[in-house]
Peer 1: 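Got a structure for you, written out below as structure tokens; questions coming shortly.
Reckoned from all heavy atoms, side chains included, excluding hydrogens, waters and symmetry mates. What you are looking at is a predicted structure, and each value in this text was computed from that prediction instead of being measured.
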Amino acid sequence: MLNFDVWSIIWSIANILILYILLRIFLFKPVNRIMDERTKNIQNDIDTAKKSREEAEAIKQQYTDELSNARKEAQDIIMKAHDDAEAEKSAIIERSKTEADKIIADAGKAAETERKRVIEQAQSQIADLAIEAASKIVGANVDDEKNRRIVDDFLADEGGDKK
């Protein structure tokens with residue numbers, strides 16, 4: 001059943017050794033080289049991915065910082081504009097009060113001037129009426145200038161100051 005032929009065993013061992021050497025030269029070395037290259041490529045890809053992730057995180061942090069700074073600057077601008085508006089409002093109110101006081105003072109002066117003019121006009125008309133009445137009573141027209149002076153003096157003594 002089983003025959004062992006020594007030459008057959010030697011040839012089988014030699015064939016296995018030759019096959020092993022040929023496989024090692026033509027298969028194992030190229031396969032190992034391909035595997036090493038692939039390992040290097042994968043490691044490079046992993047390193048590149050880590051570096052890209054770190055850069056992305058740095059960019060994200062920078063963006064977050066810039067966004068925070070922009071929000072703070074916007075808030076500062078809004079606060080400054082609000083303060084400027086309040087200052088402008090106060091200045092406008094103060095100018096309005098000053099202008100109103102001036103208008104009131106000018107109106108008071110104008111009213112006083114108008115009052116004096118009306119009093120003078122009334123005194124003049126009263127003097128004319130008094131002189132006319134006195135002329136009718138006396139019957140003769142006495143000197144107009146002298147009569148006017150007398151009436152003016154009378155009105156001045158009674159509280160109306162013509163001049």
Peer 1: Is I46 isolated, or which residues cluster with it under the ILVMFWY side-chain rule of less than 4.5 Å, directly or via members?
Peer 2: I42
Peer 1: Between R71 and E66, does any side-chain N to carboxylate O distance fall below 4.0 Å?
Peer 2: no
Peer 1: Salt-bridge test for E112 and K109: reply yes if a basic N is under 4.0 Å from a carboxylate O, no otherwise.
Peer 2: no
Peer 1: Could you state whether V31 and Y20 fall into the same hydrophobic cluster, counting links through intermediate Ile, Leu, Val, Met, Phe, Trp or Tyr residues with side-chain heavy atoms under 4.5 angstrom apart?
Peer 2: yes
Peer 1: Checking E57 against Q61: is there a side-chain donor and acceptor pair closer than 3.5 Å?
Peer 2: no
Peer 1: As an exercise, state the distance from CD of E88 to CZ of R95, rounded to the nearest 0.5 Å.
Peer 2: 5.5 Å
Peer 1: Are any of the side-chain nitrogens in E114 or R117 under 4.0 Å away from the carboxylate oxygens of its partner?
Peer 2: yes
Peer 1: Check the pair E55, K50 against salt bridge (Lys or Arg N to Asp or Glu O under 4.0 Å), reporting the backbone distance first and the verdict last.
Peer 2: CA-CA 9 Å; E55 288 175 359; K50 279 184 183 179; over 6 Å; no
Peer 1: Just how far is it from atom OG1 of T48 to atom CD of Q43, taken to the nearest 0.5 Å?
Peer 2: 9.5 Å
Peer 1: Which one of N15, L17, I10 satisfies the side-chain contact (heavy atoms from CB on, under 4.5 Å) criterion with I13?
Peer 2: L17
Peer 1: To the nearest 0.5 Å, tell me how far L67 CG sits from Q62 CD.
Peer 2: 12.5 Å
Peer 1: Could you measure the distance from the CD1 atom of I119 to the OG atom of S124? Nearest 0.5 Å is fine.
Peer 2: 13.5 Å
Peer 1: Taking S96 for the side chain and I92 for the main chain, is one N or O donor matched with an acceptor at less than 3.5 Å?
Peer 2: yes
Peer 1: Could you tell me whether K51 and D47 make a salt bridge, using a distance below 4.0 angstrom between a side-chain N and a carboxylate O?
Peer 2: no
Peer 1: Do the side-chain N and O atoms of E37 and N41 include a donor-acceptor pair separated by under 3.5 angstrom?
Peer 2: no
Peer 1: Any link between I21 and I18 through a network of hydrophobic side chains (Ile, Leu, Val, Met, Phe, Trp, Tyr) touching at under 4.5 Å?
Peer 2: yes
Peer 1: If you round to the nearest 0.5 Å, how far is NE2 of H82 from NZ of K89?
Peer 2: 8.5 Å
Peer 1: Going from OG1 on T98 to NZ on K102, what distance comes out if it is rounded to the nearest 0.5 angstrom?
Peer 2: 10.5 Å
Peer 1: Taking it one step at a time, do K80 and D84 satisfy side-chain contact (heavy atoms from CB on, under 4.5 Å)?
Peer 2: CA-CA 6 Å; K80 184 180 182 310; D84 290 347; 3.0 Å; yes
Peer 1: Does one hydrophobic cluster hold both L27 and L19, with members joined at side-chain heavy-atom distances below 4.5 Å?
Peer 2: yes
Peer 1: Just do the salt bridge (Lys or Arg N to Asp or Glu O under 4.0 Å) check on D76 and K72 with the steps written out, would you?
Peer 2: CA-CA 6 Å; D76 290 346; K72 186 179 183 314; 3.4 Å; yes
